[in-house]
There are 2 protein chains.
Amino acid sequence: MTESAGGEHAGTMSISDVAERTGLSTHTLRYYEREGLMFAPVDRASSTHRRYTEADLNWVTFLTKLRMTSMPIAKIREYVELARQGDDSTAERLDLLLVHRMNVERQLEEVTASLAAINHKIGIYQERLSA
Amino acid sequence: MTESAGGEHAGTMSISDVAERTGLSTHTLRYYEREGLMFAPVDRASSTHRRYTEADLNWVTFLTKLRMTSMPIAKIREYVELARQGDDSTAERLDLLLVHRMNVERQLEEVTASLAAINHKIGIYQERLSA
DNA sequence: GATTGACTTAGAGCGTGGTTTAAGTCCTAC
DNA sequence: GTAGGACTTAAACCACGCTCTAAGTCAATC
């Protein structure tokens with residue numbers, strides 16, 4: 001009943017499969033799980049090796065979006081804990097994401113403004129070199 | 001010969017003046033200097049207290065642009081060391097900044113793409129709440 | 001059914017970028 | 001000239017997010 005490519009098993013994946021698909025290391029995947037960032041504990045094959053479902057993969061992928069936008073681990077954990085409470089927590093999760101979005105937008109503005117200053121300096125150097 | 005406001009002295013500023021103007025802490029300003037990020041050592045009043053010139057302030061301000069765009073301290077030090085060599089290093093400084101610009105642009109793209117996914121989730125929550 | 005490489009846990013270690021502490025010195029105001 | 005706050009240094013400390021180690025277990029292949 002095992003599959004060929006990558007050692008996948010009827011729609012489930014090993015930790016290294018998920019590592020490859022998400023760009024995270026297996027270390028980091030275990031670390032995230034330990035930190036309580038998974039929606040639910042990952043299933044185990046034979047009660048030891050992790051078997052990730054597609055839903056697990058999608059969840060981890062969303063986690064990486066939060067991390068890429070610099071949401072701290074602790075804040076992600078808050079979000080996950082709300083998510084585990086089900087639909088009742090929708091308003092709180094929305095608030096959390098709206099606050100985060102504002103942070104990200106401010107961050108983008110700051111980086112963009114700094115980039116403009118760097119571009120200005122680049123222009124000065126290019127002029128100096130063409131002279 | 002002392003000035004009134006802020007304790008400034010004929011165009012020079014105390015470390016706390018610079019902290020206020022740059023948004024950095026006095027600790028961080030000393031740390032950057034220790035790390036060799038100043039173009040030249042900051043002048044001292046009475047051989048102890050730092051006196052920053054406008055040029056120092058401008059330099060620190062540019063450093064903050066590099067930091068805001070996540071240039072590591074070590075890379076900034078490289079840049080500073082080139083800058084201290086004078087105009088001969090213009091091409092190398094330009095290269096360094098061009099590489100950095102590519103990194104920043106990729107970073108901006110990643111953050112923007114992640115933000116889109118977060119916005120998608122926000123939309124789902126908003127729909128769910130309005131139902 | 002043995003080998004071998006992937007997996008497991010718990011816990012220590014690390015890189016980065018500051019921040020804090022301790023002990024002391026200096027400058028401004030009175 | 002003295003009080004008090006701002007300044008000084010060297011060095012220890014910290015938060016964060018991983019990353020690595022050690023010692024052992026498991027699973028796919030031969």
Side-chain angles (χ1 to χ4, degrees), chain A residues 1-10 12-38 41-52 56 60 63-78 80 103 107, chain B residues 1-10 12-38 41-52 56 60 63-78 80 103 107:
Chain A
M1 210 28 133
T2 52
E3 288 185 19
S4 49
E8 291 187 24
H9 190 287
T12 72
M13 292 155 274
S14 72
I15 193 168
S16 57
D17 293 331
V18 175
E20 199 172 325
R21 278 168 179 69
T22 60
L24 300 173
S25 72
T26 60
H27 296 296
T28 301
L29 285 167
R30 293 193 200 98
Y31 166 68
Y32 282 1
E33 189 175 348
R34 242 185 298 142
E35 290 297 312
L37 305 194
M38 295 307 289
V42 177
D43 277 354
R44 302 307 177 106
S46 65
S47 74
T48 57
H49 290 197
R50 290 170 179 78
R51 304 298 331 182
Y52 290 78
D56 290 329
V60 172
L63 293 187
T64 65
K65 311 294 188 191
L66 298 178
R67 286 296 302 127
M68 295 249 29
T69 52
S70 304
M71 184 182 286
I73 300 291
K75 187 57 90 178
I76 298 180
R77 183 161 40 228
E78 265 182 57
V80 173
N103 293 340
Q107 173 200 329
Chain B
M1 208 32 135
T2 54
E3 287 184 21
S4 49
E8 290 186 24
H9 190 289
T12 74
M13 291 155 275
S14 73
I15 192 169
S16 57
D17 294 330
V18 175
E20 199 172 326
R21 278 167 179 71
T22 59
L24 300 174
S25 71
T26 58
H27 297 297
T28 301
L29 285 167
R30 292 192 201 97
Y31 167 66
Y32 282 1
E33 188 175 347
R34 241 186 299 140
E35 290 298 312
L37 305 194
M38 295 306 290
V42 177
D43 277 355
R44 302 308 176 106
S46 66
S47 73
T48 58
H49 290 197
R50 288 169 180 80
R51 305 298 332 183
Y52 290 78
D56 290 329
V60 172
L63 293 187
T64 66
K65 311 293 189 191
L66 297 179
R67 286 296 302 127
M68 295 250 26
T69 53
S70 304
M71 184 182 286
I73 300 290
K75 188 57 86 176
I76 299 180
R77 184 162 39 229
E78 265 183 55
V80 173
N103 293 340
Q107 172 199 331

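Below, read A as the first sequence line, B as the second, and so on, with proteins coming before strands; counting in each chain starts at 1. Keep in mind that the numbers below use all heavy atoms, side chains included, and drop hydrogens, waters and symmetry copies.
With sequence neighbours left out, A/Asp43 forms a side chain to side chain contact (heavy atoms under 4.5 Å, CB included) with no residue at all. Every side-chain hydrogen bond (donor to acceptor under 3.5 Å, both in side chains) that B/Glu35 has, sequence neighbours left out, goes to B/Arg77. With sequence neighbours excluded, the residues forming a salt bridge (charged side-chain N to carboxylate O under 4.0 Å, His left out) with A/Glu33 are A/Arg44, A/Arg50, listed by chain and number. With sequence neighbours left out, the side-chain hydrogen bond (donor to acceptor under 3.5 Å, both in side chains) criterion links A/Thr26 to no other residue. Every residue two or more places apart in sequence or in another chain was checked for a side-chain hydrogen bond (donor to acceptor under 3.5 Å, both in side chains) with A/Thr22, and none qualifies. Residues satisfying the side-chain hydrogen bond (donor to acceptor under 3.5 Å, both in side chains) test with A/Glu78, not counting sequence neighbours, are A/Lys75. Considering only residues two or more places apart in sequence or on other chains, A/Thr69 meets the side chain to side chain contact (heavy atoms under 4.5 Å, CB included) condition with A/His100, A/Val104, B/Val111, B/Ser114, B/Ile118. With sequence neighbours excluded, the residues forming a side chain to side chain contact (heavy atoms under 4.5 Å, CB included) with B/Ser25 are B/His27, B/Thr28, listed by chain and number.
Distances were taken from every side-chain heavy atom of B/Ile15 (C-beta onward) to each of D/dC7, C/dC7, C/dG17; the shortest belongs to D/dC7.
The distance between atom CE of B/Met68 and atom C1' of C/dG17, rounded to the nearest whole Å, is 14 Å. Atoms CZ (A/Arg77) and P (D/dC18) sit 13 Å apart, rounded to a whole Å. Across the protein-nucleic acid pair, B/Arg44 atom CZ and C/dT25 atom P stand 16 Å apart, rounded to whole Å. Taking atom CG of residue A/Asp17 and atom C1' of nucleotide C/dA6, one finds them 11 Å apart after rounding to whole Å. Whole-Å rounding puts the B/Met13 CE to D/dC7 P distance at 13 Å. For the pair B/Leu66 CG and C/dG17 P, the computed distance is 12 Å after rounding to whole Å. Rounded to whole Å, the distance from CE on A/Met71 to C1' on D/dA15 is 18 Å.
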I'd like a table of atom pairs between the protein and nucleotides 24-27 of chain D - only N or O on both sides, under 3.5 Å - with the distance next to each one.
unit_1: D/dA27; atom_1: OP1; unit_2: A/Ser46; atom_2: OG; d: 2.0

Taking only nitrogen or oxygen atoms into account, show me every contact under 3.5 Å that the protein makes with nucleotides 2-4 of chain C, one pair per line with its distance.
none

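Using a 4.5 Å cut-off on side-chain heavy atoms (C-beta onward), A/Ile76 and A/Tyr32 make no contact.
Residues from residues 23-34 of chain B with heavy atoms under 4.0 angstrom of DNA chain C, sorted by number: B/Ser25, B/His27, B/Thr28, B/Tyr31, B/Tyr32.
Of the inter-residue distances, the one linking A/Asn103 atom CG with A/Met71 atom CE reads 8.5 Å to the nearest 0.5 angstrom. Taken from CG in A/Leu24 to CZ in A/Arg30, the straight-line distance is 12.5 Å, to the nearest 0.5 Å.
The side chain of A/Ser14 contributes no N or O atom lying less than 4.0 Å from OP1 or OP2 of C/dA6. OP1 or OP2 of C/dT8 sits under 4.0 Å from a side-chain N or O of A/Arg50.
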